[in-house]
J.: 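Have a look at this one.
Chain naming here is simple, since letters A, B, ... match the order of the sequence lines and numbering starts at 1 in each.
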Protein chains: 2
Amino acid sequence: MNAPVTSRPDIMAALEDRGHRSTAPRRAIIRILEGKQEGFTAEEIGKELPDVGRATIFRTIKLLLEADAICKLNLINGAPRYSLSRVEHHHHTVCVRCGNVGEFRAATVERLMRAIGSDIPGKIVGHRIELYVTCRQCMTPDQPSRNSEGP
Amino acid sequence: MNAPVTSRPDIMAALEDRGHRSTAPRRAIIRILEGKQEGFTAEEIGKELPDVGRATIFRTIKLLLEADAICKLNLINGAPRYSLSRVEHHHHTVCVRCGNVGEFRAATVERLMRAIGSDIPGKIVGHRIELYVTCRQCMTPDQPSRNSEGP
DNA sequence: TGACAAATTGATACTAGGTATCATGAACGC
DNA sequence: GCGTTCATGATACCTAGTATCAATTTGTCA
Ligand SMILES: [Mn+2]
Ligand SMILES: [Mn+2]
Ligand SMILES: [Zn+2]
Ligand SMILES: [Zn+2]
């Protein structure tokens, strides 16, 4: 009897493939963030795992970033947000009212980024795009607003 | 005899227009950053003005940001870089080898950002784009590399 | 099943970037 | 000039990490 093939990628296995050990704290952190909304902070993880040291939270986040299992989003103000990677190259939407993070990908954007290379001195090696939005939940009035990020 | 009309905007005057006082520390900070390359850090300013308190450096940077006299660029690693605003809405290029910051603006980009609004849930209220480049100086080999930022 | 080396952990201390507090000093409207 | 208000520097504090290190856990292999 094989275990059923899950649709989710096995993040712990990905870390093991990269030479890291499967430890209880790492598994716990991964389990927590798999159950979380997009855009969690390091501190939010730490609060749910009081027995895991703060340094281990940050160490594990770094490993997950290196393995492209999560992405980091530096906002103008407030702590960086992390979220599970869902597609390969992509960009983020951030709701300026509630802080929720979404992902998007548009071939037209990628194409244009490549095209403007000819107008820019030097050679483009990458790009980063963030869209600031008012999300659907926040457009219907009287919703709880978590914080305020800004463009 | 009037003073000649300078091409540069008078930043101190802009702060005064916003209700702030013209003080020696503020004038000193503005004079320093007018002579600087794009992409200076708060610490770089502080080092050139050892008699100005650290808090005042950050307080003045905040005022300058609020007045849109400078812009702040959060990089993946390393201290945030500030630079004098030169055009209204614009984006930045960052050299991944030397850290130099440039500005660019492309109508096609702005148009596309508006256009993809229809593909995104919610309402777009702003955006932010950074291009990671290898700048011209860094493409000719054996140039001094200041640091390494990354996409 | 150990036993062992290497990796990992949590505690602790430290750093960088920035903010809150507050007594002293400078701006500026009159 | 003078008084109010604003701004300053010193100091302490804060958040997001990182360095260090003794104690524990893993993975490997006998
Ligand atoms: Mn993402
Ligand atoms: Mn700029
Ligand atoms: Zn929202
Ligand atoms: Zn360069």
J.: Take atom CD1 of Ile61(B) and atom C1' of dT19(C), then tell me their distance rounded to the nearest Å.
T.: 13 Å

J.: If we only count heavy atoms from C-beta on, is the Leu131(A) to Met113(B) side-chain gap below 4.5 Å?
T.: yes

J.: Quick one: sort the His91(B) and Phe104(B) rings into parallel, tilted or perpendicular, breaks at 30° and 60°.
T.: tilted

J.: Got a donor-acceptor contact below 3.5 angstrom from the Arg26(B) side chain to the Arg21(B) backbone?
T.: yes

J.: What is the distance, to the nearest angstrom, from the CG atom on Asp17(A) to the P atom on dG27(D)?
T.: 13 Å

J.: Rounded to whole angstroms, how far apart are CD1 on Ile45(B) and C1' on dG17(C)?
T.: 15 Å

J.: Measure from CD on Glu66(B) to C1' on dG18(C) and round the result to the nearest Å.
T.: 14 Å

J.: Is any side-chain heavy atom of Val101(B) closer than 4.5 Å to one of Thr93(B)?
T.: no

J.: Rounding to an integer number of Å, can you tell me how far Met12(B) CE sits from dC6(D) P?
T.: 15 Å

J.: Compute the angle between the rotation axes at the two ends of the helix from dT1(C)-dA30(D) to dC30(C)-dG1(D), each taken over five pairs, rounded to 10 degrees.
T.: 30°

J.: Salt bridge (Lys or Arg N to Asp or Glu O under 4.0 Å), that's the test. Do Glu103(B) and Arg105(B) meet it? Break it down for me.
T.: CA-CA 7 Å; Glu103(B) 303 194 332; Arg105(B) 210 166 86 88; over 6 Å; no

J.: Go through it in stages, so that I can follow the logic: the residues are Arg18(B) and Glu16(B), the test is salt bridge (Lys or Arg N to Asp or Glu O under 4.0 Å), and I'd like the CA-CA distance, side-chain angles, deciding distance and then a yes or no.
T.: CA-CA 5 Å; Arg18(B) 295 173 65 86; Glu16(B) 289 189 80; over 6 Å; no

J.: Reading nucleotides 25-30 of chain C 5' to 3', which nucleotides get B (base under 4.0 Å from a protein heavy atom), which S (sugar-phosphate only), which -?
T.: -BBS--

J.: Would you find more than 12 non-hydrogen atoms of other residues, nucleotides or ligands less than 6.0 Å from Glu43(A) atom CD?
T.: no

J.: For the pair made of CG in Leu15(B) and C1' in dT8(D), what is the distance, rounded to whole Å?
T.: 16 Å

J.: Indicate whether any N or O donor in one side chain lies under 3.5 Å from an N or O acceptor in the other, for Thr108(A) and Arg111(A).
T.: no

J.: How does protein contact run along nucleotides 10-24 of chain D, one letter per nucleotide 5' to 3', with B for base contact, S for sugar-phosphate only, - for none, heavy atoms under 4.0 Å?
T.: ------SBB-B----

J.: Indicate yes or no: at least one non-hydrogen side-chain atom of Lys36(A) is less than 4.5 angstrom from one of Glu48(A).
T.: yes

J.: Indicate whether the side chain of Arg81(B) and that of Thr41(B) have a donor and an acceptor atom separated by less than 3.5 Å.
T.: no

J.: Find the distance Arg18(A):CZ to dA7(C):C1' and express it as a whole number of Å.
T.: 16 Å

J.: Quick one: does Arg27(B)'s side chain have a donor or acceptor within less than 3.5 Å of a partner on Met12(B)'s backbone?
T.: no

